[in-house]
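Heavy atoms only: backbone and side chains are in, while hydrogens, waters and symmetry mates are out. Quick caveat: nothing in here was measured; it's all calculated off a predicted structure.
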Amino acid sequence: MTEGSGAGRPEIVCLCGSTRFASQMREANRRLTLAGAIVVAPGVFAHAGDTVTEQQKAALDALHLHKIDLADRVLVVNPGGYVGESTAREIAYARASGKPVAFTHPE
């Protein structure tokens, strides 16, 4: 089990990345969960077929920043090195908040 910043609690990892990579996000979530981490991740996958309004997308983007706030670190799911505009904004937010950021694929 991975150790988080709180005494005795598991590490919290926030998954970031394009929602078009829903299957890769599920696999990263599974792997981290089996390793003992608490995983926070997108719950709606607009680029993978979930329908959302522009208002809902804006609310989901803001919610994801709060998920980053909860996390000990961020893992960017970026097959092929792809990082879109929303993900780049989340990476910048995480780094500005002092969160370690890692990538599933090299930048």
(message) Looking at Thr53, is its backbone amide N or carbonyl O close enough to the side chain of Gln56 to form a donor-acceptor pair, meaning the two atoms are under 3.5 Å apart?
(response) yes

(request) Mind checking side chain to side chain donor-acceptor pair (under 3.5 Å) for Arg89 and listing every partner two or more places apart, or none if nothing turns up? (result) Ser86

(request) Measure from NZ or CZ of Arg26 to the centre of the six-membered ring of Phe21, then state whether that distance is under 6.0 Å and the direction lies within 45° of the axis. (result) no

(request) Check whether any side-chain heavy atom of Val74 sits under 4.5 Å from a side-chain heavy atom of Val13, and report yes or no. (result) no

(request) Determine whether Val76 and Ile91 make a side-chain contact, defined as any pair of heavy atoms from C-beta on separated by less than 4.5 Å. (result) yes

(request) Applying side-chain contact (heavy atoms from CB on, under 4.5 Å), name anything that partners Thr51, two or more places apart in sequence or on another chain. (result) none

(message) Under the rule for side-chain contact (heavy atoms from CB on, under 4.5 Å), what residues qualify as partners of Leu60, not counting sequence neighbours?
(response) Val44, Val52

(request) Heavy atoms only: give me the nearest His64-Ala41 pair and the separation to one decimal. (result) CE1-C, 4.2 Å

(request) Sequence neighbours left out, what passes side-chain contact (heavy atoms from CB on, under 4.5 Å) with Leu63? Give chain and number order. (result) Lys67

(request) Any chance you could lay out the side-chain contact (heavy atoms from CB on, under 4.5 Å) test for Tyr82 and His105, step after step, and finish with the verdict? (result) CA-CA 9 Å; Tyr82 178 80; His105 294 78; over 6 Å; no

(request) Could I get the full list of side chain to side chain donor-acceptor pair (under 3.5 Å) partners for Thr33, not counting sequence neighbours? (result) Asn29

(message) When you compare the side chain of Arg9 with that of Asp72, does any pair of heavy atoms fall below 4.5 Å?
(response) yes

(message) Tell me whether Ser97 contacts the main-chain N or O of Lys99 through its side chain, where contact means a donor paired with an acceptor under 3.5 Å.
(response) no

(request) State, yes or no, whether a side-chain contact exists between Cys14 and Ile12 at a heavy-atom distance under 4.5 Å. (result) no

(request) Can you sort out the partners of Thr104 under side chain to side chain donor-acceptor pair (under 3.5 Å), two or more places apart, ordered by chain and number? (result) Asn78

(message) If you define the side chain from C-beta out and look only at heavy atoms, does anything of Leu15 sit under 4.5 Å from Leu32?
(response) yes

(request) Please name all residues satisfying salt bridge (Lys or Arg N to Asp or Glu O under 4.0 Å) with Asp69, sequence neighbours left out, ordered by chain then number. (result) none

(message) Quick check: closest heavy atoms across Met25 and Cys16, and the distance to 0.1 Å?
(response) CE-C, 3.6 Å

(request) Taking side-chain contact (heavy atoms from CB on, under 4.5 Å) as the test, write out the residues that go with Pro100, two or more places apart. (result) Arg73

